[in-house]
> 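Encoded as structure tokens, here's the structure I'll be asking about.
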Amino acid sequence: MESKLTVEEFNWIKSLVETQNNIIYRLEEYTKQIKEPQLRMDFQKLCASARNNKAKLLTVLDKKD
């Protein structure tokens, strides 16, 4: 049986998701500005990793409901 999130846990996770959204946005913006192909690819990988981590966190939240 899964436990419900406390208000404190929910607020912490909400803050984390907001931070991840900001990181993703900034990585996407930086990627658009980068001219060097290898560096652009590295930033795209970082952005994909941030999106995957956010998706995993949201999946955990869905399972807690």
Side-chain angles (χ1 to χ4, degrees):
M1 179 176 212
E2 305 241 358
S3 63
K4 295 286 184 181
L5 290 174
T6 65
V7 172
E8 183 180 0
E9 290 170 328
F10 176 80
N11 287 334
W12 184 83
I13 292 171
K14 180 180 173 188
S15 176
L16 182 57
V17 169
E18 289 170 357
T19 301
Q20 288 174 320
N21 285 337
N22 189 22
I23 290 169
I24 291 166
Y25 172 78
R26 289 177 187 273
L27 287 172
E28 288 172 343
E29 290 301 307
Y30 294 150
T31 299
K32 292 175 189 175
Q33 298 172 17
I34 297 172
K35 304 293 184 213
E36 200 276 308
Q38 183 61 45
L39 188 56
R40 178 180 290 149
M41 188 183 320
D42 290 342
F43 267 79
Q44 288 171 337
K45 288 177 183 178
L46 283 172
C47 192
S49 177
R51 282 190 202 107
N52 288 339
N53 287 333
K54 178 184 164 190
K56 288 177 185 177
L57 179 61
L58 294 174
T59 300
V60 168
L61 284 177
D62 285 342
K63 291 179 181 179
K64 286 285 194 179
D65 288 342

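Note that the structure is predicted; figures quoted are calculated from it, not measured. Along the sequence shown, residues carry numbers from 1. Scope of the values below: all heavy atoms of this structure, side chains included, with no hydrogens, waters or symmetry mates.
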> What distance separates Leu27 CG from Leu46 CG, expressed to the nearest 0.5 Å?
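It is 6.0 Å, given to the nearest 0.5 Å.
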
> Applying side-chain contact (heavy atoms from CB on, under 4.5 Å), can you list everything that pairs with Asn53, at least two apart in sequence or on another chain?
Gln20, Ser49

> Tell me, please, which residues at least two apart from Glu29 pass side-chain hydrogen bond (donor to acceptor under 3.5 Å, both in side chains).
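Only Lys32 meet the side-chain hydrogen bond (donor to acceptor under 3.5 Å, both in side chains) criterion with Glu29.
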
> So which heavy atom on Gln44 is nearest to which on Thr31, and how close?
CG-CG2, 3.6 Å

> Test of understanding: with side-chain contact (heavy atoms from CB on, under 4.5 Å), list the residues that count as partners of Lys45, not counting sequence neighbours.
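Partners of Lys45 by the side-chain contact (heavy atoms from CB on, under 4.5 Å) criterion, ordered by chain and then number, come out as Met41.
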
> Using distance only, find each side-chain donor-acceptor pair of residues 7-14 under 3.5 Å and give its atom names and separation, not counting sequence neighbours.
{"residue": "Glu9", "atom": "OE1", "partner": "Thr6", "partner atom": "N", "Å": "2.9"}
{"residue": "Glu9", "atom": "OE1", "partner": "Thr6", "partner atom": "OG1", "Å": "3.4"}
{"residue": "Asn11", "atom": "ND2", "partner": "Val7", "partner atom": "O", "Å": "3.3"}

> Among residues at least two apart in sequence or on other chains, which ones pass side-chain contact (heavy atoms from CB on, under 4.5 Å) with Tyr30?
Arg26, Phe43

> Listed by chain and number, what are the side-chain hydrogen bond (donor to acceptor under 3.5 Å, both in side chains) partners of Gln38, not counting sequence neighbours?
Asp42

> Applying side-chain contact (heavy atoms from CB on, under 4.5 Å), name anything that partners Asn21, two or more places apart in sequence or on another chain.
Val17, Lys54

